[in-house]
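Report on one structure; see the data block that follows.
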Amino acid sequence: MRMLLIHSDYLEYEVKGKALKKPEEIKEDQKIGKLDEVLAVFMSVEKVDEQNPDEVVDKAIKEIEDVASQVKTKNIFVYPFAHLSSELGSPEIALKILKKIEEKLKEKEYNVKRAPFGYYKAFKLSCKGHPLAELSRTIVPGEAKKE
Ligand SMILES: Nc1ncnc2c1ncn2[C@@H]1O[C@H](CO)[C@@H](NC(=O)[C@@H](N)CO)[C@H]1O
């Protein structure tokens, strides 16, 4: 899994259209979303992650918690983003992994939103620009590589 973590004044999105034949079913109120003072986590799930999805979820949570505590926010935006890797995993497994990450972060009392999966979305982001505001992480089953 490839993650791009951006500490932002806000992230807002608006669904514009289907990017998959069968995108995730969403309710009307999920067509737009916004969080302020947020750690936006753009994630590309990769083929290699399919070897052990649960381990990838746990490692992703650990990295997200680590950065969230350093930038001092409890607001997390889980954002599916198919542009960080040329070896994408299947949409089915990717959605499962992202839903699990959302669920586990909520269990840990984070304020979490997850952008809809399988859609083209317009988004606005306001990166804070401090030294820890733009980070990337690479996670693979069996090891975690920090970039
Ligand atoms: N392996 C994967 N990891 C993360 N997201 C993935 C994925 N496979 C499919 N998606 C989702 O389906 C849309 C079309 O690829 C993706 N849409 C996007 O990435 C938008 N920024 C529009 O391009 C995404 O929602």
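Both counts, for ligands and for their atoms, begin at 1 and track the order of listing.
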message: Among all the protein's non-hydrogen atoms, which is closest to atom 25 (O) of ligand 1, and how far away is it?
response: Gly118 N, 2.9 Å
message: Please list the nearest protein heavy atom to atom 17 (N) of ligand 1 with its residue and the distance rounded to 0.1 Å.
response: Tyr119 O, 3.5 Å
query: With atoms numbered from 1 as shown, which atoms in ligand 1 lie under 4.0 angstrom from a non-hydrogen atom of Leu88?
result: 1 (N)
- prompt: So which protein heavy atom does atom 4 (C) of ligand 1 come closest to, and at what separation?
  reply: Met43 O, 3.4 Å
message: Check Lys128 with Glu37, please: is the shortest side-chain N to carboxylate O separation under 4.0 Å?
response: yes
For atom 19 (O) of ligand 1, the protein heavy atom that lies nearest, with its residue and separation: Ala82 N, 2.8 Å
- prompt: Rounded to the nearest 0.5 Å, how far does CZ of Phe81 lie from CG of Leu88?
  reply: 11.5 Å
- prompt: Nearest protein heavy-atom contact for atom 2 (C) of ligand 1: which residue, which atom, what distance?
  reply: Ala94 CB, 3.7 Å
message: Within the structure provided, determine whether Pro53 and Lys96 are in side-chain contact (heavy-atom separation under 4.5 Å).
response: no
- request: Looking only at distances, please establish whether an N/O atom of ligand 1 is found under 3.5 Å from an N/O atom of Ala19.
  value: no
task: Measure from the side-chain N and O atoms of Asp58 to the backbone N and O of Glu55, and report whether any donor-acceptor pair falls under 3.5 Å.
output: no
- prompt: Which option, Tyr79, Tyr13, Phe117, owns the non-hydrogen atom nearest atom 5 (N) of ligand 1?
  reply: Phe117
query: Only one of Phe123, Phe117, Tyr119 forms a ring-ring contact (aromatic ring centres under 6.0 Å, His included) with Tyr79, so which one is it?
result: Phe123
- prompt: So which of Glu92, Glu87, His83 gets nearest to atom 18 (C) of ligand 1, if we judge by its closest heavy atom?
  reply: His83
query: So does Lys59 pair up with Glu63, basic N to acidic O under 4.0 Å?
result: no
- prompt: Hey, is CD1 on Ile26 packed in by over 12 heavy atoms from elsewhere, all under 6.0 Å?
  reply: yes
- request: May I ask you to check if ligand 1 and Leu20 share an N or O to N or O distance below 3.5 Å?
  value: no
- prompt: Numbering the atoms of ligand 1 from 1, which are under 4.0 Å from a heavy atom of Pro80?
  reply: 5 (N), 19 (O), 25 (O)
- request: Determine whether more than 12 heavy atoms belonging to other residues, nucleotides or ligands lie under 6.0 Å from atom CD of Glu107.
  value: yes
Protein contact of atom 3 (N) of ligand 1 - nearest heavy atom, named by residue and atom, plus distance: Val45 N, 3.1 Å
